[in-house]
Undergrad: 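Structure in structure tokens, see below.
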Amino acid sequence: MILFCKVAVILGIESSCDETSASICADGVILSNVIANQTIHEAYGGVVPELASRVHQQNIVPAVQQSLLNAKVSKNDVDAVAFTRGPGLLGSLLVGVSFAKAFALARNLPLIDINHMQAHVLAHFIDDPKPAFPFLCLTVSGGHTQIVLVKDYFDMEVIGQTTDDAAGEALDKTSKILGLPYPGGPLIDKYARLGNADAYRFPEPQIPGLDFSFSGLKTAILYFIRNNVKLNPDFVQDNLADICASVEKRVVTILLNKLKKAAQQYHIKDIALAGGVSANTGLRQGLKQMGDDMGWNTFIPKFEYCTDNAAMIAIAGHYKYLKGEFARQDIAPLARMPF
Ligand code: KG4
Ligand code: ZN
């Protein structure tokens with residue numbers, strides 16, 4: 001009983017890909033969210049799993065120390081440790097899971113395992129206003145594109161997903177074709193703001209139901225660039241902003257058209273956006289516009305809670321702590337992890 005009488009302080013740990021992050025949550029309020037980015041991957045045009053794992057090992061202790069400092073909380077005040085169990089890169093997950101286990105074992109604290117994709121959705125419970133159950137969440141990241149029917153904090157159903165590439169992957173691969181550095185998504189966003197989104201028309205895939213496909217679009221962009229560069233070697237430099245704006249517009253319309261279909265099918269008006277790609281200006285504006293037209297209540301987390309972060313792990317940990325659901329010390333990370 002004592003467990004539920006005092007303010008519960010949760011340490012959250014995220015290390016599923018290339019961000020090492022630690023966060024402190026006290027009674028559902030995020031006090032700190034430290035994110036250490038890994039720049040080493042830029043030289044390789046994508047995340048190198050082995051390097052990511054090594055950099056997590058260097059970053060994890062300083063990130064946790066900084067998160068405690070920023071929150072003005074001592075490690076003695078921590079009541080439970082929440083960590084990303086999966087999905088993600090196994091070597092990266094291992095670092096966060098091992099740290100969480102060691103911290104919990106040394107201080108005799110309960111462990112809370114969190115599904116990274118559920119945590120992206122639960123990022124909506126950090127700040128007000130919060131969506132009401134049931135709501136739909138479009139989760140778009142470098143690894144996932146999903147429409148999730150959220151019935152309760154840990155009762156979620158994927159009702160639509162990509163059959164091949166994720167939306168963020170499509171943007172990152174397009175930026176690679178354009179010769180932009182990794183990660184390209186934010187750069188496409190930056191150049192798109194300066195271009196004409198109707199300059200070029202890329203195809204919209206005809207996928208039945210609520211699923212997505214982005215690999216055809218990626219191939220269409222590749223051939224479009226190749227053909228034009230043959231005619232004008234400076235085609236990309238001369239038209240970069242228009243290309244980025246047109247690509248972004250197509251990706252955004254693919255995402256929003258399916259979201260609209262899902263909202264109509266399930267008769268839901270609380271619509272949320274999550275994952276790294278929800279940082280995209282065109283997608284945020286597009287969702288707001290569609291929300292106004294359709295009479296939806298739309299929810300988009302603060303930028304720092306959109307991309308990978310431990311605050312979403314800590315808030316998810318808070319709700320699992322309230323349910324009294326804890327993990328065993330022999331728990332292992334999972335590269336693939338269903339909801
Ligand atoms: O959720 P996240 O941080 O990591 C994964 O779990 O994948 O998402 C990363 C993805 C990358 O594909 C990145 O290019 C994309 O989010 N991204 C953006 C923007 N910021 C991040 N894509 C478009 N516009 C942005 N502003
Ligand atoms: Zn993510």
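Start at 1 and go down the list; that is how both ligands and their atoms are numbered.
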Undergrad: N280 versus ligand 1: do any nitrogen or oxygen atoms come within less than 3.5 Å of each other?
TA: yes
Undergrad: Check whether any heavy atom of C17 sits under 4.0 Å from an atom of ligand 1.
TA: no
Undergrad: Which of the atoms of ligand 1 are close to G168, meaning less than 4.0 Å from one of its heavy atoms?
TA: 12 (O)
Undergrad: Which of the atoms of ligand 1 are close to S141, meaning less than 4.0 Å from one of its heavy atoms?
TA: 1 (O), 5 (C), 6 (O), 7 (O), 8 (O)
Undergrad: Salt bridge (charged side-chain N to carboxylate O under 4.0 Å, His left out) with K260: which residues, sequence neighbours excluded?
TA: none
Undergrad: Can you tell which of L171, V47, V277, D172 gets a heavy atom nearest to atom 11 (C) of ligand 1?
TA: D172
Undergrad: Could an N or O of ligand 1 be found under 3.5 Å from any N or O of G275, whether backbone or side chain?
TA: no
Undergrad: Not counting sequence neighbours, list each pair that qualifies as a ring-ring contact (aromatic ring centres under 6.0 Å, His included) and has a residue in residues 128-180.
TA: F125-F133, F125-Y153, F133-F135, F133-Y153, Y153-Y319
Undergrad: Need the ligand 1 atom indices (1-based, order shown) with element for anything under 4.0 Å from a heavy-atom of G143.
TA: 7 (O)
Undergrad: Checking K249 side chain against R201 main chain: does a donor-acceptor pair fall under 3.5 Å?
TA: no
Undergrad: Kindly identify the option in S278, P87, G276 whose heavy atom sits closest to atom 8 (O) of ligand 1.
TA: G276
Undergrad: Return the closest protein heavy atom for atom 26 (N) of ligand 1 as residue, atom name and distance.
TA: D189 OD2, 2.9 Å
Undergrad: Looking at H120, which atoms of ligand 1 are within less than 4.0 Å of one of its heavy atoms?
TA: 1 (O)
Undergrad: For atom 4 (O) of ligand 1, which protein heavy atom lies nearest, and how many Å away is it?
TA: D308 OD2, 3.1 Å
Undergrad: With sequence neighbours left out, write down each residue that passes ring pair (Phe, Tyr, Trp, His ring centres under 6.0 Å) with H318, or none if nothing qualifies.
TA: none
Undergrad: Quick one: name the protein N/O/S atoms under 2.8 Å from the Zn ion (ligand 2), chain by chain.
TA: H116 NE2, H120 NE2, D308 OD1
Undergrad: Need the ligand 1 atom indices (1-based, order shown) with element for anything under 4.0 Å from a heavy-atom of T307.
TA: 3 (O)
Undergrad: Would you call the rings of Y200 and F202 parallel, tilted or perpendicular if under 30° counts as parallel and over 60° as perpendicular?
TA: tilted
Undergrad: Rounded at 0.5 Å granularity, tell me how far CG in L31 sits from CG in N70.
TA: 10.0 Å
Undergrad: Does the distance from a Lys or Arg side-chain N to an Asp or Glu carboxylate O, for D292 and K288, drop under 4.0 Å?
TA: no
Undergrad: Could you tell me, atom by atom, which parts of ligand 1 come under 4.0 Å of a heavy atom of H116?
TA: 6 (O)
Undergrad: Determine, for R193 against E248, whether the closest basic-nitrogen to carboxylate-oxygen distance falls under 4.0 angstrom.
TA: yes
Undergrad: Using a strict 4.0 Å threshold on nitrogen-to-oxygen distance, state whether K130 and D128 make a salt bridge.
TA: yes
Undergrad: Does either side chain, that of E14 or that of T84, offer a donor lying less than 3.5 Å from an acceptor on the other one?
TA: yes
Undergrad: Can you see whether S215 engages D164 through a side-chain donor-acceptor pair at a distance of less than 3.5 angstrom?
TA: yes
Undergrad: Using distance alone, determine whether T281 and ligand 1 share an N or O pair under 3.5 Å.
TA: no
Undergrad: Is there a polar contact between ligand 1 and G184, counting only N or O atoms under 3.5 Å apart?
TA: no
Undergrad: Does some side-chain heavy atom of S15 sit less than 4.5 Å from a side-chain heavy atom of L89?
TA: no
Undergrad: Is a donor on one side and an acceptor on the other found under 3.5 Å between the side chain of S278 and the backbone of G275?
TA: yes
Undergrad: Establish whether V252 and L138 are linked, either directly or via other cluster members, by ILVMFWY side-chain heavy-atom contacts under 4.5 Å.
TA: yes
Undergrad: G142 versus ligand 1: do any nitrogen or oxygen atoms come within less than 3.5 Å of each other?
TA: yes
Undergrad: Which residue supplies the protein heavy atom nearest to atom 22 (N) of ligand 1, what is that atom called, and how far is it?
TA: G185 CA, 3.5 Å
